[in-house]
Amino acid sequence: DSHWSYEDPGQWAKHFPACSGTMQSPININTETTIFSPQLRPIQLSGYSLPASQMLALKNNGHTVVLKLPESLAITGGYAQQYRAVQLHLHWGSPSNPGSEHTVDHKRFAGELHVVHYNTKYENFEAAVTQPDGLAVLGVFLEVGPRENPYYQQILEHLRSIQEEDGEVFVPGFNIAGLLPDNLHLYFHYNGSLTTPPCLESVKWTVFNQTVMLSKEQMSVLVSSLQTDDNHLLMNNFRQDQSLHRRWVLASFE
Ligand code: BO1
Ligand code: ZN
């Protein structure tokens with residue numbers, strides 16, 4: 001699964017045919033054509049506050065930085081079914097360009113956090129990833145603001161020690177919910193895919209309307225700390241937006 005790169009997304013479908021499907025992610029969210037759905041309830045998280053004694057693996061996999069999450073974290077509201085957390089990771093641009101995957105009215109944000117979960121009715125992530133209701137990913141837009149964000153700092157302060165591909169470090173647990181916006185009521189929802197190969201169309205996406213702020217210094221640590229296999233800086237790890245085809249985007253708010 002490592003013979004793909006952000007340099008040639010046109011080649012992805014050669015090895016991973018799902019990448020040319022009709023329910024791909026990310027998408028541009030056109031706020032003029034979303035459908036207000038009052039039955040979309042606030043996203044409810046449980047077990048997201050972890051003690052510092054619980055160490056978590058943080059890894060540079062050559063495509064992103066991944067924080068492995070214990071299965072005790074779960075989404076218990078907002079979705080019709082229960083989903084257990086697996087990992088979270090980030091997408092970003094370069095020192096001069098934003099790098100979120102989703103865009104809103106064609107605005108690209110500085111970066112994007114993805115918290116990946118699988119439906120508890122399946123045995124594990126591998127079983128769920130091939131099912132249309134298998135995964136729930138929470139997407140959070142990152143923007144540059146005036147203050148250091150202490151929750152993101154729990155990840156960012158370790159990036160220097162995993163600058164090489166496959167570098168891994170164990171970091172103390174913290175309140176993972178602090179990485180998400182305060183307001184979990186306002187979001188967009190649609191059916192899509194993994195945004196990287198194998199691009200499987202198994203993701204019920206939630207993209208929050210409220211953004212999260214990182215300082216300018218934190219954003220520059222994110223975009224300039226990690227390397228890929230060929231010792232180049234790991235930058236611009238976002239996919240271009242994909243056609244909606246027959247899909248609609250729901251909004252929890254008017
Ligand atoms: S994303 O959230 O749509 N950007 C996304 C994209 C790819 C994966 C996860 C989320 N990939 C999978 C790997 C599996 C791995 C799993 C959990 O992530 O294909 O091998 O087990 O880390
Ligand atoms: Zn992602």
Side-chain angles (χ1 to χ4, degrees), residues 4 6 8-43 63-64 75 78-81 83 89-93 97-119 128-143 180-181 183-211 236-254:
W4 63 270
Y6 283 102
D8 59 350
Q11 300 289 322
W12 292 4
K14 273 200 187 173
H15 296 101
F16 309 96
C19 299
S20 60
T22 57
M23 296 182 60
Q24 289 291 289
S25 295
I27 57 166
N28 174 55
I29 297 167
N30 181 341
T31 58
E32 286 297 313
T33 58
T34 58
I35 298 170
F36 169 55
S37 302
Q39 72 270 28
L40 292 178
R41 305 316 304 155
I43 298 297
H63 304 299
T64 184
I75 304 176
Y79 284 88
Q81 288 169 313
Y83 288 83
H89 62 270
L90 296 158
H91 298 267
W92 58 87
N97 288 104
S100 68
E101 295 219 286
H102 291 91
T103 54
V104 177
D105 297 333
H106 297 291
K107 176 192 166 79
R108 194 177 299 285
F109 294 86
E112 191 170 328
L113 167 72
H114 289 158
V115 191
V116 183
H117 306 73
Y118 72 90
N119 195 324
V129 74
T130 56
Q131 306 296 325
D133 60 352
L135 306 184
V137 183
L138 306 180
V140 178
F141 293 123
L142 310 182
E143 291 191 282
L180 276 62
N183 190 321
L184 303 181
H185 299 231
L186 308 179
Y187 61 84
F188 302 104
H189 188 77
Y190 77 99
N191 296 331
S193 74
L194 300 178
T195 65
T196 68
C199 306
L200 298 172
E201 295 179 334
S202 52
V203 181
K204 294 193 170 291
W205 277 96
T206 292
V207 178
F208 291 105
N209 184 242
Q210 198 182 11
T211 66
N236 299 315
N237 57 353
F238 62 93
R239 187 188 197 188
Q240 289 305 126
D241 57 69
Q242 305 292 303
S243 302
L244 259 187
H245 296 285
R246 295 168 162 277
R247 293 175 291 176
W248 294 93
V249 178
L250 307 182
S252 68
F253 60 98
E254 292 190 87

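One is the number of the first residue; the rest follow in order along the sequence. Just so you know, these numbers come straight off a predicted model, no measurement behind them. Excluded from the calculations below are hydrogen atoms, water molecules and symmetry mates; all remaining heavy atoms, backbone and side chain alike, are included.
- Note: Y6 OH to T196 OG1 = 5.5 Å, rounded to the nearest 0.5 Å.
- Listed by chain and residue number, H185, L186, Q210 satisfy the side chain to side chain contact (heavy atoms under 4.5 Å, CB included) test with N183 (two or more places apart in sequence, or in another chain).
- Shown are W248, Y79, F36; of these, the ring pair (Phe, Tyr, Trp, His ring centres under 6.0 Å) with H189 is made only by Y79.
- Rounded to the nearest 0.5 Å, atoms OG1 (T31) and CG (D105) are 3.5 Å apart.
- For the side-chain hydrogen bond (donor to acceptor under 3.5 Å, both in side chains) test, residues two or more places apart in sequence or in another chain that qualify with N191 are K204.
- Looking at P181 and V140, their side chains come closer than 4.5 Å, going by heavy atoms from C-beta outward.
- Within the 4.5 Å cutoff, the side chain of Q131 has no heavy atoms near those of the S202 side chain.
- With rounding to the nearest 0.5 Å, the separation of OG in S25 from NE2 in H102 is 5.0 Å.
- Using a 4.5 Å cut-off on side-chain heavy atoms (C-beta onward), L194 and V129 make contact.
- A heavy-atom distance below 4.5 Å is found between the side chains of W205 and H114.
- In this model, a donor atom of one side chain and an acceptor atom of the other lie less than 3.5 Å apart for H106 and N28.
- Using a distance-only test at 3.5 Å, with no hydrogens or angles considered, no donor-acceptor pair links the side chain of Q24 to the main chain of E201.
- Counting heavy atoms from C-beta on, the side chains of F141 and V207 come closer than 4.5 Å.
- Looking at E101, its side chain never comes within 3.5 Å of a backbone N or O of G99 through a donor-acceptor pair.
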Fill in: side-chain contact (heavy atoms from CB on, under 4.5 Å) between T33 and V249, intermediate numbers included
CA-CA 8 Å; T33 58; V249 178; over 6 Å; no

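- Residues Y190 and T34 fail the side-chain proximity criterion, which asks for heavy atoms closer than 4.5 Å.
- Contact detail for A18 and P198: the closest heavy-atom pair is CB-O, 3.5 Å.
- The shortest side-chain heavy-atom distance between P26 and H91 does not fall under the 4.5 Å cut-off.
- Atom CE of M23 and atom CG of L244 lie 10.5 Å apart (nearest 0.5 Å).
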Discussion item. side-chain contact (heavy atoms from CB on, under 4.5 Å) for C199 and Q242? Distances and angles first, verdict last.
Written reply: CA-CA 12 Å; C199 306; Q242 305 292 303; over 6 Å; no

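- In terms of heavy atoms, Y83 sits closest to Q81 at CD1-O, 3.4 Å.
- Of all the heavy atoms in Y118 and A128, the pair that sits closest is CB-CB, 3.8 Å.
- Considering Y187, F208, F188 as possible partners of F253, the one that fulfils the ring pair (Phe, Tyr, Trp, His ring centres under 6.0 Å) test is F188.
- The structure places NE2 of H89 at 8.5 Å from CG of N237, a figure rounded to the nearest 0.5 Å.
- When atom types are taken as modelled, the side chain of N30 and the backbone of E32 share a donor-acceptor pair closer than 3.5 angstrom.
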Practice prompt. Evaluate side-chain contact (heavy atoms from CB on, under 4.5 Å) for L142 paired with W92, printing each intermediate quantity in order.
Written response: CA-CA 9 Å; L142 310 182; W92 58 87; over 6 Å; no

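- We find the CD-OG1 distance between E112 and T103 to be 9.5 Å, quoted to the nearest 0.5 Å.
- Residues L113 and L138 have side chains not in contact (no heavy-atom distance under 4.5 Å, counting atoms from C-beta outward).
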